[in-house]
Amino acid sequence: MHELSIVMGIIDIAEEEVRKSNARKVESIELEIGTMAGVEQQALDFAWDAAVRNTVLSNAQREIILVQAKARCMDCGIEFPVKDRFEPCPVCHDFLNEFIGGKELRVKSLVVS
Amino acid sequence: MMCSTCGCDQPGGVTITKIGENNFTPIDRLALIKPEFPLPTNKKVIEVEQDILLKNNKSAQHNRSHFNADHITAINLVSSPGSGKTTLLEKTLAHANDLNCYVIEGDQQTLNDANRIAKTGVPVVQINTGKGCHLDADMVHHAIHQLSPQPESFVFIENVGNLVCPALFDLGENYRVAIISVTEGDDKPMKYPDMFEGSSLCIINKMDLLPYVDFDIEKCKSYARMANPNIEFLEVSATRSEGITEWIDWLKEKSRAEEKVY
């Protein structure tokens, strides 16, 4: 699954930051993942445990900030949370919606030692 | 010629084979650096604020700038397994005699697809991802090094058959083309919207089988337009070579060969 590629990407970023700060390992890491980023939580957990062994992230605490996907109706302008991309506006029931956020896939911060 | 300083001789798990040659270039996706530094006494907070796919995106941009510099038109073909990507490519290459074409094939295992393409006489490289479910920009970069496509040519990248994962990974292509066949459900674009959102063209294949299946073309198109209002459509039958001329016309219209930056 592509969640493994995503974990490899996180490991790359963590290794780089550890190297830049002359540190040894990562104590904790904060990730920002949008609800519509295309990342499945269970698959991510599974990939994480396998991939971080023997890396700077092997004992790191992991915090995931879930960013709720929202849409803005292009007709009436209201913003509303969405679970998938085909939800109509709750007010005017239109499908002309612009998506705001929800696709984030970032390392927000980490603590090294 | 591709970059001389990209240092792209990395390690394993993925193999790239140029058909007609015996050399392999293994890329290790799992090699990790173990830093040896003195133990610091303090913990340090680092505000990273970095996109996880940044590395792939940078690699994709690197590919894209090479394509642009050489006026190469790169097409990323995506679909479920069995939609007919390889057959469509075979027919395209057979009919497009006036185009200079190169192919990058992506599958978990085997050289089967690349061997089929090789029979058309077009230079082809097979990427085997092993356990991987998608091609990424790094793999394409290595493949391009082996292929060395000429300026003003077309490079077709046939992605791993998968409508989910490839949507996340920019390869540096100019156009992504999604292929769906009438033997699949017409609600495919609703089930896999990310892939259709990122595609410029949707090719509906196996049109010769339409009389025998319950596939509603207009419904399928309207679902695809919900994901991407600007998506274009072509209806083809690759096995019957129908609609191939219109597809080649689309390619010629999108060709970057005429654009010259002086």
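Order of the sequence lines sets the chain letters (A, B, ...), proteins ahead of strands, with each chain counted from 1.
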Peer 1: Who are the ring-ring contact (aromatic ring centres under 6.0 Å, His included) partners of B:Phe169, not counting sequence neighbours?
Peer 2: B:His134

Peer 1: Would you say A:Ser21 and B:Ile46 make side-chain contact, with heavy atoms under 4.5 Å?
Peer 2: yes

Peer 1: Using a 4.5 angstrom heavy-atom cutoff, name the option from A:Leu105, A:Ile6, A:Val111, A:Ile29 with the most pairs to chain B.
Peer 2: A:Leu105

Peer 1: So what's closer than 4.5 Å to chain B heavy atoms on A:Glu17: side chain, backbone, both or neither?
Peer 2: both

Peer 1: When rounded to the nearest 0.5 angstrom, what distance separates CG in B:Asp194 from CE in A:Met36?
Peer 2: 7.0 Å

Peer 1: Give, for atom CG of A:Leu110 and atom NZ of B:Lys44, the distance between the pair rounded to the nearest 0.5 Å.
Peer 2: 10.0 Å

Peer 1: Relative to chain A, which segment of B:Leu168 carries a heavy atom at a distance below 4.5 Å: side chain, backbone, both, or neither?
Peer 2: side chain

Peer 1: How long is the gap from CG on A:Asp12 to CG on B:Leu54, to the nearest 0.5 Å?
Peer 2: 10.5 Å

Peer 1: In Å, rounded to the nearest 0.5 Å, how long is the span from CD1 of A:Ile13 to CG of B:Leu53?
Peer 2: 8.5 Å

Peer 1: Could you pull out the closest heavy-atom pair between A:His2 and B:Cys133, with the gap in Å?
Peer 2: N-SG, 3.5 Å

Peer 1: Rounded to the nearest 0.5 Å, what separates atom CD1 in B:Ile52 from atom OG in A:Ser5?
Peer 2: 11.5 Å

Peer 1: With a 4.5 angstrom heavy-atom cut-off, could you sort out which part of A:Ala37 is near chain B: side chain, backbone, both or neither?
Peer 2: backbone

Peer 1: Are there more than 12 heavy atoms of other residues, nucleotides or ligands under 6.0 Å from atom CD of A:Glu87?
Peer 2: yes

Peer 1: Given that the side chain runs from C-beta out, which part of A:Lys103 has a heavy atom under 4.5 Å from chain B: side chain, backbone, both or neither?
Peer 2: side chain

Peer 1: Around B:Glu49, counting heavy atoms of other residues, nucleotides and ligands shown, do more than 12 lie under 6.0 Å from its CD?
Peer 2: yes

Peer 1: Just wondering, are more than 12 heavy atoms of other shown residues or ligands nearer than 6.0 Å to CZ in A:Phe99?
Peer 2: yes

Peer 1: Does a side-chain N-to-carboxylate-O contact under 4.0 Å join A:Glu15 and B:Lys55?
Peer 2: no

